Amino acid sequence: MKILVLNCGSSSLKYQLIDMEDESVLAKGLCERIGIPGSRLTHRPAGKDTYEVEVEMKDHRVAVELVMKALLDPVHGVIHSEDEVGAIGHRVLHGGKDITQSCVVDANVKWVIRECFDLGPLHNPANLIGIEACEAAMPGKVNVAVFDTSFGMGMKPEAYRYAIPDEYYEKYGVRRYGFHGTSHDFVSHEALKYLDLDPEKGKVIVCHLGNGASISASVGGVCVDTSMGLTPLEGLIMGTRSGDVDPAVVQYITNKEGITVDDTLNILNKKSGMAALSGVSSDFRDIEKAYKEGNEHAILAMHAYIHRLVKYIGAYNTILKGTDAIVFTAGVGENGPMVRRMVCEYLEFLGVKIDEEKNLATFGKQAVLSTPDSTIKVAVIPTNEELAIARDTLRFVQQ
Ligand code: ADP
């Protein structure tokens with residue numbers, strides 16, 4: 001069976017068509033500038049030339065129709081009939097406190113996604129538009145919503161509750177949700193298999209280090225704790241997000257600058273993190289270069305990044321009462337030997353040892369970095385959120 005995976009943003013739509021027989025990607029692509037002049041479709045069929053076209057897409061429904069047209073095209077296409085698409089899996093950011101797992105989209109699920117617009121204002125509206133566009137363009141197909149918050153629903157109250165008055169949890173669902181859930185879920189389960197850990201009891205810490213960054217602790221693939229909170233702002237230092245700050249910082253900056261709370265939140269989300277500390281860029285390649293050239297801001301940024309990360313690893317190691325494996329994933333985790341080395345050097349006191357040659361040779365591929373005598377296994381496992389969504393979607397159509 002073939003599964004279409006969609007990830008809709010406010011003006012974009014990323015897609016992959018995956019053949020679940022062998023989990024190969026038949027085609028992937030991107031619609032950009034939906035609803036904006038200059039919309040463009042880039043379609044990459046496996047084994048064929050990339051096809052790019054500038055074509056008006058007034059909304060996501062038109063975009064979905066164009067994607068299907070590209071998939072069915074006699075030259076650039078990879079399928080002969082729409083019937084070959086068994087189901088559609090949608091990435092959805094926020095499922096609120098009632099959705100704990102992926103589900104087939106129905107009126108109730110759409111209501112929940114809509115109810116969570118306030119919690120995911122940039123993503124949830126676009127995710128719903130994508131679902132409704134597919135319902136309109138391909139009536140009768142099963143649509144499955146896979147939520148970025150599902151993995152975090154494994155946390156117990158002591159991990160997810162904030163120590164604030166109960167009424168805010170009851171009335172507004174103010175709690176820690178965690179994000180990058182599809183990635184943490186996928187990578188922690190892959191780690192259990194790849195590193196031959198006990199599928200029920202294996203204790204894994206996953207460091208998802210991309211532009212957005214988060215860390216999770218899980219037992220047998222069930223989330224025990226994860227660093228993002230009510231929104232993806234909490235936790236690690238990220239490309240442009242501050243991660244943890246004293247909440248009073250918000251009030252202080254807002255008052256001092258005479259700006260609004262929304263303005264300050266915008267600063268913490270978009271103008272902070274590694275970009276702010278380094279003064280160089282939010283991109284790790286630029287920061288690493290500046291670090292090596294002795295740029296003192298880049299050095300501070302890198303040290304602060306590592307400090308925050310190892311602080312969380314230490315905390316999670318305690319929460320888990322010991323760790324079987326630490327896994328690096330996403331852009332920096334998969335391609336950044338320097339960050340991996342700096343983290344593992346910190347952990348030497350715990351008996352963590354890695355083979356630096358292997359570390360230096362590992363870019364975007366699965367690898368065990370730890371030496372056989374390391375107390376904790378250390379590995380790189382590339383994340384694959386699209387495949388995770390497709391696997392989850394398949395479960396529903398096979399039932
Ligand atoms: P997101 O999906 O959150 O946008 P990614 O997972 O694609 O982010 O990660 C992007 C980050 O990965 C960027 O900071 C980029 O610099 C970093 N990255 C990519 N390649 C390398 C590399 N070779 N060395 C260090 N960092 C890298």
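Below, each value reflects all heavy atoms present in this structure, side chains not excepted, and no hydrogens, waters or symmetry copies. The shown structure was predicted, so the numbers you read here are calculated from the model rather than taken from an experiment. Start at 1 and go down the list; that is how both ligands and their atoms are numbered.
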Residues which pass ring-ring contact (aromatic ring centres under 6.0 Å, His included) with Y160, listed by chain and number, not counting sequence neighbours: none
Going by the rule ring-ring contact (aromatic ring centres under 6.0 Å, His included), which residues pair with H94 if we only count those two or more places apart in sequence or in a different chain? Y177, F179
Throw together a table of side-chain donor-acceptor distances under 3.5 angstrom for residues 272-282, partners on residues two or more places apart or in other chains.
unit_1: S272; atom_1: OG; unit_2: I267; atom_2: O; d: 2.7
unit_1: S278; atom_1: OG; unit_2: M274; atom_2: O; d: 2.7
unit_1: S278; atom_1: OG; unit_2: V280; atom_2: N; d: 3.0
unit_1: S278; atom_1: OG; unit_2: S281; atom_2: N; d: 3.4
unit_1: S278; atom_1: OG; unit_2: S281; atom_2: O; d: 3.3
unit_1: S281; atom_1: OG; unit_2: D283; atom_2: N; d: 2.7
unit_1: S281; atom_1: OG; unit_2: D286; atom_2: OD2; d: 2.8

Validation row: E135, K110 side chains within 4.5 angstrom (heavy atoms): yes
Could you tell me if the side chain of D244 sits less than 4.5 Å from the side chain of Y312, heavy atoms only? yes
I'd like to know if R391 pairs up with E23 as an ion pair, taking the criterion as any Lys NZ or Arg NE/NH1/NH2 lying under 4.0 Å from an Asp or Glu carboxylate oxygen. yes
Strictly under 4.0 angstrom, heavy-atom based: which residues surround ligand 1? G210, N211, G212, S282, D283, F284, R285, E288, A330, G331, V332, N335
